[in-house]
Amino acid sequence: SVAAAIAIVMSSNAVTAVPLGLVERQLRSGELVALDVANNPLHLDSAVIRLEGRSLSPAAKLFLEELVRLKRDMSARDATLRGQFHARRE
């Protein structure tokens, strides 16, 4: 889990990859620093999938709208945090 990965980093010299918003408190307190990784390969692509030939239910449409909103909000928040916490080049 992401929480377990963060806990391991907090108690060792390990590294992990997480959305910055999940460690904002630790970044603000100085407990953690964001590393600037050259040629960062961590921009993950994802897809929303469904069975071919089926239409989306009203609940599925609302879920998809919420996913899009959350992704937009998380991306904006991470961009803000990247600007605030100048990452160290490693």
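Being a predicted model, the structure only gives us computed values, none of them experimental. Note that the numbering runs from 1 along the sequence shown for the chain.
Panel note: side chain Arg50, backbone Arg54; a donor-acceptor pair is recorded below 3.5 Å. A side-chain donor-acceptor contact under 3.5 Å links Ser29 to the backbone of Gln26. Remark: the backbone N or O of Leu20 is paired with a side-chain donor or acceptor of Asp78 at under 3.5 angstrom.
Arg28 pairs with exactly one of Glu31, Arg25, Glu24 by the side-chain contact (heavy atoms from CB on, under 4.5 Å) rule, that one being Glu24.
The same ILVMFWY cluster, assembled from side-chain heavy atoms under 4.5 Å apart, contains both Met10 and Val18. Tracing side-chain contacts under 4.5 Å through hydrophobic residues (I, L, V, M, F, W, Y), one reaches Val2 starting from Val9; they form part of the same cluster.
To the nearest 0.5 Å, atom CG of residue Leu67 and atom NZ of residue Lys71 are 11.0 Å apart. Ser75 OG to Leu70 CG: the interatomic distance, rounded to the nearest 0.5 Å, is 10.5 Å.
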message = Run Arg77 and Asp73 through salt bridge (Lys or Arg N to Asp or Glu O under 4.0 Å) and show every step you take.
response = CA-CA 6 Å; Arg77 186 71 188 141; Asp73 292 352; over 6 Å; no

ask   = Given Glu65 and Lys61, is the salt bridge (Lys or Arg N to Asp or Glu O under 4.0 Å) satisfied, shown in steps?
value = CA-CA 6 Å; Glu65 289 173 12; Lys61 288 177 184 177; over 6 Å; no

task = Apply side-chain contact (heavy atoms from CB on, under 4.5 Å) to Val48 and Leu64, showing your working.
result = CA-CA 8 Å; Val48 177; Leu64 183 55; 3.7 Å; yes

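By the 4.5 Å heavy-atom criterion applied to side chains, Arg72 and Val68 are counted as neighbours.
A pairwise comparison of heavy atoms in Ala5 and Thr16 identifies CB-OG1, 3.6 Å as the closest pair.
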